Amino acid sequence: MRGLDSEFPMPGKTIVVGISGGSGGVYAQRLLGLLEADTRVARVHLVVSSGGLRILRDELGLACRDTAQLPEALLGRAAQKIESIPIGNIGAAIASGSYPTDGMVIIPCSMGTLGAIASGVTDNLMRRAADVHLKEGRLLLLCWRDTPLNTIHLENALRVARAGAINFPISPGYYFGADKLDDLVTQFCCRVLARLGLPQEEQFEWKGTKG
Ligand SMILES: Cc1cc2nc3c(=O)[nH]c(=O)nc-3n(C[C@H](O)[C@H](O)[C@H](O)COP(=O)(O)O)c2cc1C
């Protein structure tokens, strides 16, 4: 079957998105909106931790008992590409390296989830899928957020980097003249998508200044 897959690859990218309990639910919301609108993307597998659900409720006012409703709640309209998978479903396709994906991003990534990935702890679907991306040598972007950082956070960030993950802290740039939070969020998400091989038209490109 894999032979057939490589001869006739399914068109469009498959991206895995995790939302854990770090602050910054608006970044997950914007990233999913951009992925849903991107014609190069065929499907998005979404996994949200209970901490992530709490953040979405506290920061965005989204109250979803059933995770299946989450994509629509986040987008504000029916989602065509995003499928939300319960975090306890460790038998989902993305739990196996035999299921092809084009990369995974956890946004926001709590320091707890960062620590679990750094330790190889795979006790839920998000952590297992992250572990799979590392073992298969695929893109794994961890958009963690906290401040200040203790030495455990720093060591965990180094460990995941050594294992092949990309530390992509939620730390937007201020050099492109954004005058509202919305622009900072969009530009940060554009950088994430560019790293996933999905450069966006609205991404700001620095042209340099005269010295
Ligand atoms: C309002 C709120 C904000 C939080 N912000 C952060 C944060 O920015 N970074 C972080 O690592 N944890 C943060 N936490 C704590 C995590 O949500 C918590 O440690 C959780 O257990 C992480 O589990 P998870 O990674 O499985 O979602 C926050 C919690 C709440 C309720």
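Counting starts at 1 for both ligands and their atoms, in listed order. Computed from a predicted structure; not experimentally measured.
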- Message: Once you restrict to heavy atoms under 4.0 Å, what part of Ser49 touches ligand 1? Side chain, backbone, both or neither.
- Response: side chain
- Query: If you look at every heavy atom in Arg127 and Ala116, which pair is closest and at what distance?
  - Reply: NE-CB, 3.5 Å
- Message: Would Ser23 count as being in polar contact with ligand 1, using the rule that some N or O on each side must be under 3.5 angstrom apart?
- Response: yes
- Distance to 0.1 Å, residue and atom name: give those for the protein heavy atom nearest to atom 9 (N) of ligand 1. Arg145 O, 2.7 Å
- Message: Out of all atoms in ligand 1, which are within 4.0 Å of some heavy atom of Gly51? Include the element for each.
- Response: 27 (O)
- Between His133 and Thr101, does any side-chain donor sit less than 3.5 Å from a side-chain acceptor? yes
- Item | Within-cut-off N or O pair, Ser110 and ligand 1, under 3.5 Å | yes
- Message: Check this for me: Leu62, atom CG, are more than 12 non-hydrogen atoms of other residues, nucleotides or ligands nearer than 6.0 Å?
- Response: yes
- Any protein heavy atom under 4.0 Å from atom 19 (O) of ligand 1? no
- One should read off an interatomic distance between Met111 CE and Thr147 OG1, to the nearest 0.5 angstrom, of 9.5 Å
- Task: Could you list the atoms of ligand 1 found under 4.0 angstrom from a heavy atom of Ile55?
- Result: 1 (C), 2 (C), 3 (C), 4 (C), 30 (C)
- Salt-bridged, Asp182 to Lys180, with N to O below 4.0 Å? no
- With heavy atoms and a 4.0 Å threshold, my read on which part of Asn124 contacts ligand 1 is neither
- Between the side chains of Thr186 and Glu202, does any donor sit under 3.5 Å from an acceptor? no
- How far does CG of Asn124 sit from CD1 of Ile87, to the nearest 0.5 angstrom? 3.5 Å
- Query: Aromatic ring centroids of Trp206 and Phe176 under 6.0 Å?
  - Reply: no
- Distance from atom 10 (C) of ligand 1 to nearest protein heavy atom, with residue and atom: Asp146 OD2, 3.5 Å
- How far is atom 28 (C) of ligand 1 from its nearest protein heavy atom, and which residue and atom is that? Gly21 O, 3.4 Å
- Item | Residue Met111 vicinity, atoms of ligand 1 by number, heavy atom under 4.0 Å | 10 (C), 11 (O)
